[in-house]
Enquirer: 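Below: one structure in structure tokens.
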Amino acid sequence: MHKALRSLLVASALLAAAGLAPAARAQAPKTLTIAQGFDPQTLWPNGTTASDNLNAGGAIVESLLWTNPATGKNEGLLAEKWEQTSPTTMKLTLRGNVSFSNGEPMNADAVVHSFRVFMDPKQAPAYANYAAALDKVEKIDDLTVAVHTKHPYPPFELMLTQVYVTPPDYWAKIGLEAFGQKPVGTGPFKLTEWVKDNRLVMERNSAYWGKGPSGIDRIIWRPVPDDTSRVAGFVTGEYDLATNIPISAIEEINNQPDRKVVETPSYRIFQLIQSSLEEHGSPLADKRVRQALNYAIDKKAIIDNLFAGRAFALNGQLLRKEQLGFDPSLKDYPYDPEKAKALLRDAGFANGFEIVFKFPSGRYAQDREVSEAIAGMLAKVGVRAKMTSLEPGEFLRQLRARELWPLAYLGLAPLDDPDFQLAQYRSTWRYSYIRNAALDELIDAGAKEVDRDKRAAIYRKAAQLMHDEAPVVFLFGGYDFYGVSNKLEGIVPRGDQRFFLQNVSLKP
Amino acid sequence: MGAYIARRLLLTIPVLVGILVITFLLTRLSGDPTDLMLPPNATDEAREAFRIVHGLDQPLWTQFVRFAGNAVVGDFGASLRFGQPAMTLVLERLPATAELAAATMALALLLGIPAGVVAAVWRGTSTDVSIRLVTLLGQAVPSFFLGVVAIIVFAVWLRWLPTGGRGSLGQLVLPAATLAFNLVALIARVTRSCMLDVLKQDYVRTARAKGVSETKVVWLHALRNAFIPVLTVIGLQVGLLLGGVVVTETIFSWPGVGRLAIQAIYARDFPVVQAVVFVFAVIFVAVNLIVDLLYAVLDPRISYR
């Protein structure tokens, strides 16, 4: 209730502001002010996977490669060249004449040191998923490093985008925790002031090896947890860039003369878990019931009414259009309640059934509203959902403990490789709610296949199998919204809520 | 007096110990922080390593013994999210919260007491009725709502003040005013009713009969006596103020302890939650001790032995 009231208030305020707005408050000419939800806990990017940390930390500490959201390609950053010399070895040629801002040279020793930290689950637990594939890393000469994996590893490049390079001497002197508070890197900016939960100030690194962003001498990062307040500060010109704009504020921001909203398709894929595990013993063990629920949900109505059209259809699969293995021949299950009822009848549920439906409250945008709409649609085909709302922390616990069954609303945002997406449905996976030997085989094959075309074919086969088996109800993909001042050009956020300052420019 | 203070301080020890035990148990009841700290698809090895590093793999009583042993010397352990000592994180943010609370209290007293006195002296008049109406409203409006309205009116429409943050006086105004709003109302209401009681007393009639000016009677003789219950209310309100800080700091991006607390609770950052609750408890106990001592200052008939 009070959320709705708030949105209404914001909306009316912004409408009024659009009418009377004077020029935005003047700021020091070359300062970029960014409002995110939270203050970083650490500026060492391998310390967490939280985007608020990575966005800020990534301006100081750089990775070997980066995935440019504008091209979708992996491009060199501290590694200039990378070539596969054997199925399990990648030879990296590092960029020459690059120094950390404390004067230490960025070279093979620094990279080997950074890998060593990256591969230690005690120091970088959030990245152990990638590190698990790594065998060893060795220095060949001052600017060449060989990276060995335990087996052929298709997301090799993606892994290299996750390894951030730190200066070994400084690291040894100060330690992991302190490094996160006073980071030293090769990036376009240096940390100058950090008042916790208030402002994080970075100055331009005049010795930066690359071009870097233009027109920005200083960045101020402001943590603003409250949506209303972040939108208000963006509208009044206190911030040039604001993350996580609520849908209710989009139209009003777009009505401002000097501001706009940038929309980015998110990596987060929304679905209904339909557990078919025997031990869970629900009607969903029957494939016809799982398909029936796919026919029973009107995805388009949810996208249009609850997200004002700002969500994308999944085409009856879990991989996004941009991903390797997306199958263009698959389409969404159409909305067909009659067909759903017929399938339920065939499965012996002519009178429907009652089922527990779990959903988080406050984890995803409008999670409660979406779940209520779904329950309403299910009721129309005779499936009576007993709605159980869960606090986000408890929701995650149940997900991992495989307790989120029989039916649950879930949004998963795995790393951008088909294996990370599909491995979540392998029967041995901690929170897989399907047990299917054929699917397991395809997942294993895809995880090791380095030939792109063969790999894509494997994932298309897996997509067809999953479409038919329907371990989930395929719902929709979400969008992330950023408020961007017209002065700021070239900002292209990525679906994992990362944005990069490499190619941006700030006009006075 | 010294013995009294010593006795009161000794009594706070079981209170604080009790609070530590309760917070320890309640936080553990809420679930495993590993689920929130690592991404959903983290490997089992990484989860196990995280639990070992933070001692979460130990049985509950072992965890408690370790926690209690360290807490005695002021070490509340390292935050799971920040990796830094939890107490340092709290103390780092305490000045911001203290600044906000002090400004709020000053504002509440400066507005609430005169309003209460005026309403009592002119009881039944339209001034009294309007003060009572405003204070009723003040107590009824929740601060999250008031905060949002304040941002929209004063920051977005009028552009008089910034929307949040800390550093300038302008940034202090809206959060302090929002927090003070309920408090002004409460203080005004209590002051009014106490003043009404006191103004009927014999010594007030005596003072008037002696020819003491009405201003002196009201603002010196009567107010001083009426102030004791007001002080009690203020002491108790510190608890509510600390609670209000949690909401207000979040709305106005004020970098204080309240905001740290809410984030720590959502993330199940046990050490930080424990440190915040402990610090808040110490403040609450200390303020109420000071209030008790102030009684003696205001009223010479009260003395502590």
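Throughout, protein chains are lettered first and strands after them, A, B, ... in sequence-line order, and every chain is numbered starting at 1.
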Enquirer: Kindly compute the distance separating CD (A:Gln41) from CG (B:Leu89), expressed to the nearest 0.5 Å.
Expert: 10.5 Å
Enquirer: With a 4.5 angstrom heavy-atom cut-off, which part of B:Glu249 approaches chain A: side chain, backbone, both or neither?
Expert: neither
Enquirer: If we only count heavy atoms from C-beta on, is the B:Trp157 to A:Thr236 side-chain gap below 4.5 Å?
Expert: no
Enquirer: Dump the intermediate steps for side chain to side chain contact (heavy atoms under 4.5 Å, CB included) on A:Tyr239 and B:Thr163, then the final yes or no.
Expert: CA-CA 11 Å; A:Tyr239 320 126; B:Thr163 54; 3.7 Å; yes
Enquirer: Non-hydrogen atoms of chain B under 4.5 Å away: do they reach the side chain of A:Phe38, the backbone, both or neither?
Expert: side chain
Enquirer: Enter the distance from A:Lys196:NZ to B:Phe82:CZ here, rounded to the nearest 0.5 Å.
Expert: 7.5 Å
Enquirer: Among B:Ala49, B:Gly167, B:Gly83, B:Ser79, which has the most heavy-atom pairs under 4.5 Å with chain A?
Expert: B:Gly83
Enquirer: For chain B, which of A:Arg199, A:Gln181, A:Arg230 has the most heavy-atom pairs under 4.5 Å?
Expert: A:Gln181
Enquirer: Mind jotting down which residue pairs meet the salt bridge (charged side-chain N to carboxylate O under 4.0 Å, His left out) criterion with at least one end in residues 413-425 of chain A? Sequence neighbours excluded, please.
Expert: A:Arg320-A:Asp416, A:Asp417-A:Arg455
Enquirer: Can you tell which of B:Thr250, B:Ile151, B:Ile262 has the highest number of heavy-atom pairs within less than 4.5 Å of chain A?
Expert: B:Thr250
Enquirer: Given 3.5 Å as the limit, does a donor-acceptor pair link the side chain of B:Arg259 with the main chain of A:Asp197, or not?
Expert: yes
Enquirer: So for B:Arg268, is it side chain, backbone, both, or neither that comes closer than 4.5 Å to the heavy atoms of chain A?
Expert: side chain
Enquirer: Given the options B:Gly164, B:Pro255, B:Gly256, which has more heavy-atom pairs under 4.5 Å with chain A than any of the others?
Expert: B:Pro255
Enquirer: Do A:Ser229 and B:Ser253 have side-chain heavy atoms sitting under 4.5 Å apart?
Expert: yes
Enquirer: So which part of A:Arg397 gets closer than 4.5 Å to some heavy atom of chain B, the side chain, the backbone, both or neither?
Expert: both
Enquirer: Less than 4.0 Å between a side-chain N and a carboxylate O, is that true for B:Arg81 and A:Glu177?
Expert: no
Enquirer: Which bit of A:Thr42 comes within less than 4.5 Å of chain B, counting heavy atoms only: side chain, backbone, both or neither?
Expert: neither
Enquirer: Could you give the distance from CZ (B:Arg47) to CZ (A:Arg400), rounded to the nearest 0.5 Å?
Expert: 5.5 Å
Enquirer: Could you grab the distance from atom NZ of A:Lys122 to atom CZ of B:Phe50, nearest 0.5 Å is fine?
Expert: 13.0 Å
Enquirer: Should the heavy atoms of other residues, nucleotides or ligands under 6.0 Å from CG of B:Leu169 be counted, would the total exceed 12?
Expert: no
Enquirer: Quick check for you: to the nearest 0.5 Å, what is the distance between B:Thr248 atom OG1 and A:Asp226 atom CG?
Expert: 11.0 Å
